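See structure below.
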Amino acid sequence: MAMIELVDVTTRFDTTTALEGISLEIEPGESLALIGPNGAGKTTILKILGGLLMPSAGEVRFDGDLARGEVLEKLRLHATMVFQKPVLFGTTVYKNVAYGLRVRGLPENQVSERVLDALGLVQMEDFADRQARNLSGGEQKRVNLAMAIAIDPQILLLDEPTSYLDALGTKIVEGFIQRIREERQTTVVIATHDLFQAVRLTERAAVLEGGQLCQVGPSSQIIREEVEALIFSDQECNVFHGIAKNGTSEGERHLTKIELGEAVTIEALTDTTGEVTVRISPEDIIVSREPVLSSAKNTLRGVIRAIDVDDSIVRLTVDVGIDLVAIITKSSLNLLSMAVGDRVYVTFKASSVRVY
Amino acid sequence: MAMIELVDVTTRFDTTTALEGISLEIEPGESLALIGPNGAGKTTILKILGGLLMPSAGEVRFDGDLARGEVLEKLRLHATMVFQKPVLFGTTVYKNVAYGLRVRGLPENQVSERVLDALGLVQMEDFADRQARNLSGGEQKRVNLAMAIAIDPQILLLDEPTSYLDALGTKIVEGFIQRIREERQTTVVIATHDLFQAVRLTERAAVLEGGQLCQVGPSSQIIREEVEALIFSDQECNVFHGIAKNGTSEGERHLTKIELGEAVTIEALTDTTGEVTVRISPEDIIVSREPVLSSAKNTLRGVIRAIDVDDSIVRLTVDVGIDLVAIITKSSLNLLSMAVGDRVYVTFKASSVRVY
Amino acid sequence: MTVEEEIVSITLRSLTISGFAALLATVIGLPIGLFLGLRQFRGRDHIMVIVRGLMSLPTVALGLLLYLTFSRNGPLGFLQLLYTPLALIIGQAVLVTPIMISITSETVENVSPTIRELSLTLGASERGAAASVFRESLGGVVLAISASFSRAISELGVALMVGGNLQGLTRVLTTSIALETTRGEILLGIGLTIVLLSLMVVFNVLLNSAEKRVRWWLWQ
Amino acid sequence: MTVEEEIVSITLRSLTISGFAALLATVIGLPIGLFLGLRQFRGRDHIMVIVRGLMSLPTVALGLLLYLTFSRNGPLGFLQLLYTPLALIIGQAVLVTPIMISITSETVENVSPTIRELSLTLGASERGAAASVFRESLGGVVLAISASFSRAISELGVALMVGGNLQGLTRVLTTSIALETTRGEILLGIGLTIVLLSLMVVFNVLLNSAEKRVRWWLWQ
Amino acid sequence: YASQIGEKDILTISTTTSLYDTGVLDALKEDYEESHPSVILTFIAAGTGIALEQAKNGDADMILVHAPALEREFMDEGYGVNRKIFAYNFFVIVGPSTDPAQVNQSTPTEALQKIYDYGRNHNTSLWVSRDDKSGTNEKEKALWAAAGMNYTLIHDEPWFVSSGSGMGTTLNIANERGLYTLSDIGTFLKYRAEGLIALESLVRDDKTLLNVYSAIAVNSTRITHARIDLAMDFIKYIISERGQEIIGSYGNETFDSPLFYPAVNVIKTHSPETIADWIEDYAFFNVDGTLYECPVQWRYGDYGIYP
Ligand SMILES: Nc1ncnc2c1ncn2[C@@H]1O[C@H](COP(=O)(O)OP(=O)(O)OP(=O)(O)O)[C@@H](O)[C@H]1O
Ligand SMILES: Nc1ncnc2c1ncn2[C@@H]1O[C@H](COP(=O)(O)OP(=O)(O)OP(=O)(O)O)[C@@H](O)[C@H]1O
Ligand SMILES: [Mg+2]
Ligand SMILES: [Mg+2]
């Protein structure tokens, strides 16, 4: 049974709809990344998962029960959220971290032990007696993390857990998240803009956009697609429609053949079959005079259709049945002395093909 | 003459010393990165530079005059800070952005033009009539950036300008910062934990630690040292030291030869010369049985030293004089039927080499 | 009793009566203020507007209404409270509760709603979260208490009408001041005023330092 | 004049006099409250404690002091203000200014200091920054105005002593209520009280909606 | 501005609350202003003590009071001139209808003695005093003295309640607590008529209960801005037949008995003789063995008000 289940959840604030028809199940012990652009609804989902916000429509279930009344209180007790912006009580760091423990009625000696442990973990043990609100941004975020860590919740909801943190802090926090996942089977949901962090820390990722859930799937795959989509969103080239056919299975990723129009077939790593959109990053394409036997899965023959020189960057359009754009350096162009009409080979790795 | 000059500045808060004996000159039009761990004093320095905080000891000079009284007001008028945590007035987005313009007494038609321009720049033009405090974290940060951008200040003080921002937002903001530097000679001081961002955006970097200035120098050099310190604390791969030599100029980017130890020379796109640190992303490397004549600048011969298979991903370590790690798919491995000891060629583009 | 003893006993009586009144107003008004400050619900604005309107209840009028209520023929006459300190306490509490509620709810409202969320997510009950918000708005609560106590100890109408200014029983500082003034004993009246004001400054000094202690203590 | 006309004219007079008093208190107290709320300086705590202490100035005592001040033999006797509406306005303003200052400074203090910094860094002068903080604490300022006006319109001591309850000149709602009450015209007293309370509820409704407008307007 | 509204002259009159609260002054004001359109009368109603104080401070042009001893003091200090007695009535000793101390029909002196004895014996509160130095309170002190008791001493005894309040509140207290008190007739009748109190008037119409109201103009040689001409004009009006008529008939419709009796004719004609004697006895000032309504040295100007 899912630990937390959102059924067709919609959240409206006066004029805006922050979430629309979100259904999502979170299994005990799993790790989920919430990714999506600013205003996508990540924070809103986290608040709903933490029982801090009631959806305008739809259901939230915790361990199968509708989250309201006592169930809601249980949810709040088991799920702890670390907010995007640091929020602290106007007292000392120690008392901030102790709050969640005292609320749970822990004896004072255990409280102090766990507070110091949690502070130690985020390297803030020397700050115990400082006024929390006078700390620097990163220090505040660390205290917020310590507050959540200290109560050792079953479900940890992290909203950009490493924003404001320095490199070392980020590393410590990421390490800690991995450790509690392994050692205590804590369920972790992380909203982050750092896609690599999402891959590092989670198994599953959900992509939100404009309040809607666009995709849910294994992090590594989803994030890869996202990374590419983002990096090349301003160069709308090498985007094709095609049909993906079931291919060989390699561990969790599938090597799939995709037929693009005009009898061009390429290989890509994807689970998807049927109609797909693919994008091949122009910077990933190697152009050569001779075919290349290499680890790169895709080698296609074609004719140069156009050469656009722009500063030091050259944009080659190669007709391989479809028009592929490759970006090479000016000196490569000179070295290969290519001209429009020349026959060339284009090579790219299967992992360079993004499938949507 | 320095635009802003800190002379032996010390800042104490009741119990803590946030800055100690900081002397720093900021020249008109220059760009400076403030880097350092959490609590190092970055935010504090920015506030002092912006005339928002008076140092407990030491002098702040603006255009040569002691920053107090009218000079202080002038400094505040010319220097605008974007805070680490978004702060907004409790009104609409439009009025937030208009504030700085109205304070300057701009006629209303110009105000509206510039507000909409600034909002457009951070892609928030549709949010003009929303209550600013009800926005998501990233949206708020964007509005804060728009507020500073709108008044087109002479000195822009940015405290983690891209925290909370999504990838696209980050890219836009970074692009904008570069543009105003070039087009309007705006002086920019940026506090950031993203070392690569520091290199991308600034010429000079200052390293703070525990409130003291440890180092000031060219960003690329300073950051390289910082990155190294970080990277070598980790098990990152394909990071090498080398010496970059002046190469051919291609437009604005330079194709530079870099000698890595053991007589290995690679080509990279960089301006830097002298001692550098390079990193070649393992996913960018193509492994082949035969040399490739292609647009890729770097083709090296080597021997496979190790093959680590991890799920569908294979990690090949190839000794080409130095140990290069390449990541390929399992099926590529099978296809090329490579084994430890085999001779192979590795190929990667000049643009795949990151130089610090 | 000498004049000095008399003044001391009147002063102590004033402090006790208005202290209890402020206490009563706090016990009643603070939770209401917290509730109004924390929750958004339909009709909340209406309640706020009425509470604020009640702040302007003149003490003569309140005194009259309470007199009619407590008088032997009144609905609560059987309690025989008229002209007792208890009646005075109740009357002053009624007078200052709207002030208590208004100031508390206003300052509670200004505490960032994230404080409530922070408490909740750390496992506090709704009550615990309200307590956190209360802690954060302690300055406002202290002002509310100060304003309430001030209003109680400085009011005259209720003290006259339901207290009756009975010597040794319900004679308090304000009724004494009024009495000395009508008697033409202006210097004595001014003297009593100075006593009252000094006391209240001292009270606020104590409250101010208590605030720090309480803040500390609330976090224990 | 019929009784109805009389009541209407008394009511209007009450509103005008206490309105001006509240306005005067606002003009004086608001900047002081802003200043005390924004700045940290030595002695600030002392000032706050005294201001809060002054909230408990009984109206009889203030009335007496003002009477002595404005009386022909008093220091300001030459102004010939005694028993004029102006004296009443001044007296009530003195009475409520401490309330104005206390509530304003408390709520201003609770506005995040970053708002001030934000204004300054966007190029506002210190005054402009104070104005921003003021806008952000508008709710508290509105409460301060409401509380001040309420206190002014509901007070009796000053109105009696320096106003003199002169028919057609300084007779206001509270002095009328007091007069009718002592005259045994209890129903009329209660009626006037209801008039006063209804007016004040209406006033607060207006203030409430004005708050929204003002907030909008302040941002123009 | 203070003394003129537009073209009109303002006459400021300090008066005791019990007189003002009856409403008789409003009746006089209405009639007077009708015939004197250029004058506005303003009454400052305060306790006798403060009223005298206000006059001394120069904040009133004349006073209307009912405390002969205090009046004399006021005049002897040189603040008041041209005193005219314009009305009288009687105080009443009121108490619960059960009349525990059996004072009904006694003389005031006997009544107070009975109250004193009963209070002491039963150790219960029995008498409430305004204790506010008002005219009524001054009368009470005189009555206690006449009954052979020292006000300052009995003041602290348990049966003696000090209300320190106005007449209305004091009557309310007496009503609620079942106490005796001394009241002016006006307030008592009004409160009875409104059903606010159920007290009975037990002792009345005795010489010793006489209450005499007088008007005194403020001495304009002492208080230079005092508007003695205006004050004297109003005093002349009060003692005129029309003024006396209004005073005498005030309250006749509401209560069965008048609240005030006109005094001018009684003094002038010395009839009825007993009343005239009582008034002279009680409210005239003894200067060198002669009784004066207003001692000669405090008669100013020629207003023709003294025979
Ligand atoms: N209280 C509110 N009132 C009105 N609109 C709101 C409120 N809270 C959030 N929104 C809107 O809902 C949408 C989703 O907000 P949310 O905070 O969940 O975004 P997010 O994905 O966390 O974004 P970010 O990456 O910027 O933090 C945004 O467009 C935001 O403006
Ligand atoms: N108002 C304050 N009172 C007390 N200490 C303060 C105050 N503001 C800052 N400090 C302390 O001064 C030091 C420097 O703070 P600062 O905010 O400049 O750090 P920072 O470099 O910006 O850190 P971060 O990366 O976390 O934002 C920190 O140790 C902080 O705790
Ligand atoms: Mg968010
Ligand atoms: Mg910082």
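Fair warning: this is a prediction, and the values are worked out from it, not measured in the lab. Here is the naming used below: chain letters follow the sequence lines, and residue numbers restart at 1 for every chain.
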Task: Heavy-atom contact with chain D under 4.5 Å, split by part of C:Val111 - done: neither
TODO: Please flag which part of C:Ile103 lies under 4.5 Å from any non-hydrogen atom of chain D: side chain, backbone, both or neither.
DONE: both
Open item on the list: Using heavy-atom distances under 4.5 Å, tell me whether D:Val51 contacts chain C through its side chain, its backbone, both, or neither.
Closed with: neither
Open item on the list: What's the separation between atom CD in D:Glu155 and atom CD in C:Glu155, rounded to the nearest 0.5 Å?
Closed with: 13.0 Å
TODO: Give me the one residue out of D:Ile177, D:Thr182, D:Leu179 that meets side chain to side chain contact (heavy atoms under 4.5 Å, CB included) with C:Val60.
DONE: D:Ile177
Open item on the list: Can you tell me which portion of C:Leu65 sits under 4.5 Å from chain D's heavy atoms? Options are side chain, backbone, both or neither.
Closed with: side chain
Open item on the list: Return the CG to CG distance between D:Leu187 and C:Leu64, rounded to the nearest 0.5 Å.
Closed with: 9.5 Å
Open item on the list: Heavy-atom cut-off 4.5 Å, strictly under: side chain, backbone, both or neither for D:Leu143 against chain C?
Closed with: both
Open item on the list: Restricting to non-hydrogen atoms, name the atom on C:Ser56 and the atom on D:Ser154 that form the minimum distance, rounded to 0.1 Å.
Closed with: O-CB, 3.1 Å
Open item on the list: I'd like to know which of C:Met48, C:Met55, C:Arg52, C:Met200 tops the heavy-atom pair count under 4.5 Å against chain D.
Closed with: C:Arg52
Task: Atom group of D:Leu57 that falls short of 4.5 Å from chain C, counting heavy atoms - done: both
- [ ] Using non-hydrogen atoms and a 4.5 Å limit, figure out which bit of C:Ile99 sits close to chain D: side chain, backbone, both or neither.
- [x] neither
Open item on the list: Report which part of C:Ile186 has an atom under 4.5 Å of a heavy atom belonging to chain D: side chain, backbone, both, or neither.
Closed with: both
- [ ] Go through D:Gly189, D:Ala178, D:Gly140 and name the one with the most non-hydrogen pairs under 4.5 angstrom from chain C.
- [x] D:Gly140
Open item on the list: If we define contacts as heavy-atom pairs under 4.5 Å, which of D:Leu196, D:Leu54, D:Asn110 has the most with chain C?
Closed with: D:Leu196
TODO: Compare every heavy atom of C:Pro58 with every heavy atom of D:Thr174, then report the nearest pair and how far apart it is.
DONE: CG2-CB, 3.6 Å
TODO: Quick one: which of C:Ile50, C:Leu62, C:Thr193, C:Ile153 has the most heavy-atom pairs under 4.5 Å with chain D, could you say?
DONE: C:Thr193
Task: Heavy-atom pairs under 4.5 Å with chain D, option from C:Leu207, C:Thr181, C:Leu199 with the top count - done: C:Thr181
